[in-house]
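Data block below; observations after.
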Amino acid sequence: MRRPTNTRVRSSRWGLFALASLLVARCEDSSVTQRDAARDRASSVDVRALTDAADATISDASNDVQTIDVPSVSDVIVSDVGRDAATADSSSCAGRAFGQRCADGLVCDGRGACAVRRPCAFESAGRWLYPDGAARRLLETVFAYGRYYNFWINLNAGGNVTAMVDRWRGATQACAGASDCSFDSFDLFQGAGAMGSVLMESITRLGRYYNYTSEGGYRLLGSGLLEDVPRFSTAFNGPCTGQIEGSCRFDTRSLVVNWATGQTIREEITTRGARWVYDGAGRPVASVPLGQRLDAVARYVPADGVGPCAGRSACRFDAQFHDPSTGDEFVVANGRLWVWANDSENTRRFALGHGNELHTFARYATGPCRVAP
């Protein structure tokens with residue numbers, strides 16, 4: 001099979017890909033439900049309101065980042081093809097409480113509008129310790145329905161349009177001129193540039209990877225086929241095994257990064273109901289078989305049935321990421337969110353809300369789960 005002439009992917013470049021992967025993030029409104037407050041209190045980082053001064057900050061004066069990208073509110077669009085028609089008649093929600101069904105796939109927003117998706121689906125998501133002057137703040141990014149939401153920097157009702165970001169929409173870029181662009185995975189971290197610390201983005205989409213740097217203004221460092229990365233290839237029993245050449249897709253990819261040093265500690269990939277886990281050097285983690293089925297992992301299929309793979313013949317994650325402050329593992333699947341602590345028991349976080357539907361979280365109900373007005 002013929003490969004693109006600009007593909008130059010081998011171990012050295014994917015050392016960079018493993019050590020340099022980026023993303024974007026999001027915000028919340030606490031007026032919809034109190035579940036956020038009850039749940040997030042269990043975390044060492046206050047994520048109840050990622051937009052205010054109460055956010056935890058981690059001092060790191062030595063890591064000022066060049067060209068921090070804060071998407072403009074002007075990127076917002078106010079339509080959502082295929083869903084707006086369902087919100088035309090909001091009379092069904094007059095005087096009705098939040099969460100009551102009002103149309104196919106929608107519930108009332110508690111303010112009289114039939115505008116909240118149920119079920120709600122994410123394309124990708126992550127959390128980062130984003131530089132904020134001489135400190136760091138917890139930033140959460142969600143990609144959903146062709147938009148991205150940054151919780152803390154610039155939440156807005158409609159989200160920012162992924163396909164409208166200049167660096168992603170060019171002919172050779174991640175969105176390749178598409179009017180509706182969705183990423184398979186998005187990771188963000190901080191790396192070293194020629195003139196100091198820079199932000200790095202790693203995106204996978206439609207069988208390819210794209211690496212961006214913020215140095216000198218955001219620009220593409222390189223791209224290529226996922227299957228050309230040795231550890232992902234069939235030859236090394238990687239996540240592209242069994243997939244058609246040129247069409248390798250990931251469901252999720254999570255980079256666990258030490259933000260104090262910029263080093264990647266672990267890389268986790270899920271696709272086709274299985275997972276691959278590598279260390280920071282791209283070597284398989286001995287304790288996790290390559291291609292281990294997700295439904296073979298105890299915390300994903302607990303005896304009480306409260307897990308992302310329980311009762312599912314084919315388990316698939318929509319998003320998986322690790323909180324950089326606590327190490328907690330977040331999994332989004334089937335319209336729900338599960339969180340486990342980074343301990344030997346994989347203790348459930350938020351015991352009263354573990355596995356709750358996405359639309360019941362205030363920041364999601366007013367962000368990615370809400371149909372644009």
Side-chain angles (χ1 to χ4, degrees), residues 18 21-26 43 47 119-128 138-144 148-149 151 182-189 201-205 209 226 232 238-239 248-257 264-280 284-285 287-302 306-310 312 314-342 346-350 354-358 361 364 368:
S21 302
L22 332 161
L23 185 63
V24 197
R26 65 194 221 263
S43 171
V47 294
C120 178
F122 291 172
E123 297 158 8
S124 184
R127 284 186 176 181
W128 334 100
L138 186 65
L139 176 71
E140 186 178 52
T141 300
V142 172
F143 288 81
Y148 66 92
Y149 299 79
F151 293 89
S182 299
F183 295 156
D184 293 336
S185 70
F186 182 98
D187 284 286
L188 179 71
F189 73 93
E201 278 182 349
S202 178
I203 294 167
T204 68
R205 180 175 186 261
Y209 72 85
L226 289 172
F232 298 159
C248 178
R249 301 285 294 272
F250 295 167
D251 290 332
T252 67
R253 179 171 178 262
S254 176
L255 293 177
V256 181
V257 176
T264 299
I265 300 170
R266 192 169 72 257
E267 175 187 32
E268 297 192 18
I269 294 164
T270 71
T271 183
R272 296 171 294 121
R275 68 172 184 164
W276 283 257
V277 181
Y278 302 94
D279 65 16
V285 171
S287 60
V288 181
L290 289 172
Q292 181 184 38
R293 288 173 59 99
L294 294 174
D295 58 12
V297 180
R299 66 183 176 277
Y300 300 154
V301 281
V306 184
C309 295
R312 303 179 68 188
C315 186
R316 177 182 180 276
F317 293 169
D318 295 320
Q320 181 195 33
F321 58 92
H322 297 77
D323 187 287
S325 299
T326 64
D328 289 358
E329 177 189 12
F330 287 65
V331 167
V332 175
N334 201 30
R336 295 176 179 270
L337 173 68
W338 287 265
V339 188
W340 298 272
N342 181 31
N346 292 124
T347 305
R348 291 176 178 176
R349 289 289 198 195
F350 324 128
H354 188 76
N356 272 91
E357 294 181 84
L358 294 171
F361 291 88
Y364 302 149

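Of all the heavy atoms in G307 and P302, the pair that sits closest is CA-CD, 3.7 Å. Between N356 and F361, the closest heavy-atom pair is O-CE1, 4.1 Å. Scanning all heavy atoms of the two residues, the minimum distance from V142 to A125 falls at CG2-CB, 4.2 Å. The two residues S185 and T204 make their nearest non-hydrogen contact at OG-OG1, 2.6 Å. Contact detail for R299 and P308: the closest heavy-atom pair is O-CD, 4.4 Å. Shortest non-hydrogen contact noted between L226 and F232 is O-CB, 3.5 Å.
Residues satisfying the salt bridge (Lys or Arg N to Asp or Glu O under 4.0 Å) criterion with R249, sequence neighbours excluded, are D184. Listed by chain and number, the residues in a side chain to side chain donor-acceptor pair (under 3.5 Å) with N334 amount to none (sequence neighbours excluded). By the side chain to side chain contact (heavy atoms under 4.5 Å, CB included) test, T270 pairs with D251, T252, R275, L294, F317, Q320, sequence neighbours left out. For R205, the side chain to side chain donor-acceptor pair (under 3.5 Å) test picks out no residue, with sequence neighbours left out. Residues that satisfy the ring pair (Phe, Tyr, Trp, His ring centres under 6.0 Å) test with F330, not counting sequence neighbours, are F321. Partners of R312 according to the side chain to side chain donor-acceptor pair (under 3.5 Å) rule, which considers only residues two or more places apart in sequence or in another chain, do not exist here.
Side-chain contact check for P324 versus V257: every heavy-atom pair is 4.5 Å or farther apart. Within the 4.5 Å cutoff, the side chain of S202 has heavy atoms near those of the R253 side chain. Side-chain atoms of E268 and V288, non-hydrogen and from C-beta on, never get closer than 4.5 Å to each other.
In this structure, R293 places its CZ atom where only 12 or fewer heavy-atom neighbours from other residues, nucleotides or ligands lie under 6.0 Å away.
Note that CD of Q292 and OG of S287 are 8.5 Å apart. Values are rounded to the nearest 0.5 Å. D328 contributes atom CG, which lies 11.0 Å from atom CH2 of W340 (distance to the nearest 0.5 angstrom).
Between Y148 and F143, the ring planes lie tilted relative to each other; the angle falls in the 30° to 60° range.
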Decide yes or no on side chain to side chain contact (heavy atoms under 4.5 Å, CB included) for E267 and W276, but give the supporting numbers first.
CA-CA 8 Å; E267 175 187 32; W276 283 257; over 6 Å; no
Decide yes or no on side chain to side chain contact (heavy atoms under 4.5 Å, CB included) for Y278 and L290, but give the supporting numbers first.
CA-CA 9 Å; Y278 302 94; L290 289 172; 4.2 Å; yes
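Between the side chains of T326 and R349, no donor-acceptor pair is found at a separation under 3.5 Å.
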